[in-house]
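Whatever order the structure lists ligands and atoms in, that order sets their numbers, starting from 1. Bear in mind that the values here come from a model prediction, so they are computed numbers and not experimental data. For the numbers below, each heavy atom of this structure counts, side chains included, while hydrogens, waters and symmetry mates do not.
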Amino acid sequence: MGRLVIVSNRVASITPGKASTGGLAVGIGDVLGKAGGLWFGWNGETSPHAPEQVQVTEHGNITLATIGLSRKDYEQYYLGFSNNVLWPAFHYRSDLIRYHRDEYEGYQRANLWLAEKLFPLLKPDDTIWVHDYHLIPMAAALRAMGVKNKIGFFLHIPFPTQPILTCIPPSSELLRALSHYDLVGFQTPSDRQAFVDCLTRESGARKLDEDNLQMEDRVVRSGVYPISVYPDEIEDQAHTAASRRHLRRLRQSLLDRKLIISVDRLDYSKGQFERFRAFEKLMEIQPSHRSALSMVQIAPLSRSDIKTYQKIRHDLEGEAGRINGRFGDIDYTPIRYINRNYERSTLMAFFRGAQVGAVTPLRDGMNLVAKEYVAAQHRDDPGVLVLSRFAGAAAEFDGALLVNPYDTLGMAEAMHRALTMPREERKERHASMLQQLKTNDLGAWWRRFLGDLGV
Ligand code: ADP
Ligand code: F6P
């Protein structure tokens, strides 16, 4: 096999154990750690003008090649079209789409510019794997430069159905851009189905068989590759000495109270606001939980330059304060709301210490936290996963208590059921989810994708 070249908007830290929030970073870190290769993308910095030079650094078998963005590209490509149009639309929030044609042009321009910077680093037998919605036009840009290598694309977030996708004014161009990849991968069967429907109905593609579509002179293959975790590794991480210390601190601070934990980037798609409301409802309908239950919400800040993200932050701070004011006491804080990052092993230990993992996004591609929570549990006394039916993980986990995050009372009832579930039922549910994680781990995700790409 030739070299693997990964292209993603954000290139994360590859220091083992170091926190980097976002499922993409966790997944790519693993592929490259095991297979080696080059990781190309944005270094997270901006400057008044686009930098000329790509910075290349070697880390064992991984080469990182990163570059800054000009302020204009950051605003138009990253904040604008990627996160004010594609992100809300792909998460079924057409009400939050803010489309400006110049930002779409900026998105195209930045993709072309990134492709030009990547081009000189490529070798003829490289396999190129592009990740996520920021870089949909990357294959077409590389093909126009004469790149003949295999190019695959994986979408980490949901793919919307036709009525939502077509709210995006240049939706046909996006579909056409996706058809330049040799393989397009999705998290769930319904995401893939939505893509196939859109490409056939909107772009005139013809279905050749289950996996392949004919689009003009190109054959586009698509597949389902649910991203995952390594359950054994997570169990070990939850056990290390340092995490045991953190867990002790958490337990001491809780006294004997039960704990519901939630960990997700501060993002309107994650349903944190609705979750706080459900926690409040639980306190109302089951007074026995008052003073006997805490919720920890860890929510690292994300995309803070975007108004909708500033608003959700403001709203959540208000809700946490209000609910704590209503049910708290001098020695009791019902909701602990935290914006900081933790080391991975610490986070896994927190998961192990919580009787309930509440993972209730309004819409989510996969949600690795759901899988991490399950993997971190004690097999003989596991906690219960309360999971949104709109998370990709719901397609795999029959042992979770599935909820609709728009149903506040239903979520409160599910939290109560989870908190009072007999041990035998908890063990049964956990065992079936753990089995699923072992069958489809993180290695299976990238090996199957690269195998289908023909590597
Ligand atoms: P997304 O990719 O949308 O952010 P996922 O749930 O798929 O959502 O992935 C989030 C990843 O980031 C998980 O691996 C999770 O453990 C990690 N993470 C989230 N919050 C923190 C935090 N505060 N500190 C460290 N890691 C975090
Ligand atoms: O999985 C969704 C995702 O967009 C990833 O691509 C990314 O790692 C994460 O969310 C964090 O987002 P951002 O790179 O905008 O900080």
Any pair counted as side-chain hydrogen bond (donor to acceptor under 3.5 Å, both in side chains), so long as it reaches residues 348-360, sequence neighbours left out: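 Only Arg275-Thr360 qualify under side-chain hydrogen bond (donor to acceptor under 3.5 Å, both in side chains).
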So between Met366, Lys270, Arg265, whose heavy atom ends up nearest atom 8 (O) of ligand 1?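 When every heavy atom of Met366, Lys270, Arg265 is considered, Lys270 comes closest to atom 8 (O) of ligand 1.
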By number and element, which atoms of ligand 2 are closer than 4.0 Å to a non-hydrogen atom of [X]?
X      : value
Leu24  : 5 (C), 6 (O), 8 (O)
Tyr78  : 13 (P), 15 (O), 16 (O)
Arg303 : 3 (C), 4 (O), 9 (C), 10 (O), 11 (C), 12 (O), 13 (P), 15 (O)

Should we count NZ of Lys311 as having more than 12 external heavy atoms under 6.0 Å? no
Does CZ belonging to Arg322 count more than 12 external heavy atoms closer than 6.0 Å?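 It does: Arg322 CZ has more than 12 such atoms within range.
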The ring pair (Phe, Tyr, Trp, His ring centres under 6.0 Å) partners of Phe153 (sequence neighbours excluded) come to Tyr181
Touching ligand 2 at all, His131? Heavy atoms, strictly under 4.0 Å? no
If the cut-off is 4.0 Å to any non-hydrogen atom of Asn341, which atoms of ligand 1 fall inside it?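 The atoms of ligand 1 under 4.0 Å from a heavy atom of Asn341 are 22 (C), 23 (N), 24 (N).
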Quick one: look at Ile298 and ligand 1, take heavy-atom pairs under 4.0 Å, and tell me if it's side chain, backbone, both or neither.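 For Ile298, the contact with ligand 1 is made by the side chain alone.
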Heavy atom under 4.0 Å from ligand 1: found in Arg344's side chain, backbone, both, or neither?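 Looking at Arg344 and ligand 1, just side chain atoms fall under 4.0 Å.
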Please confirm whether Arg340 makes a cation-pi placement over Tyr342, using NZ or CZ under 6.0 Å from the six-membered ring centre and within 45° of the ring normal. yes
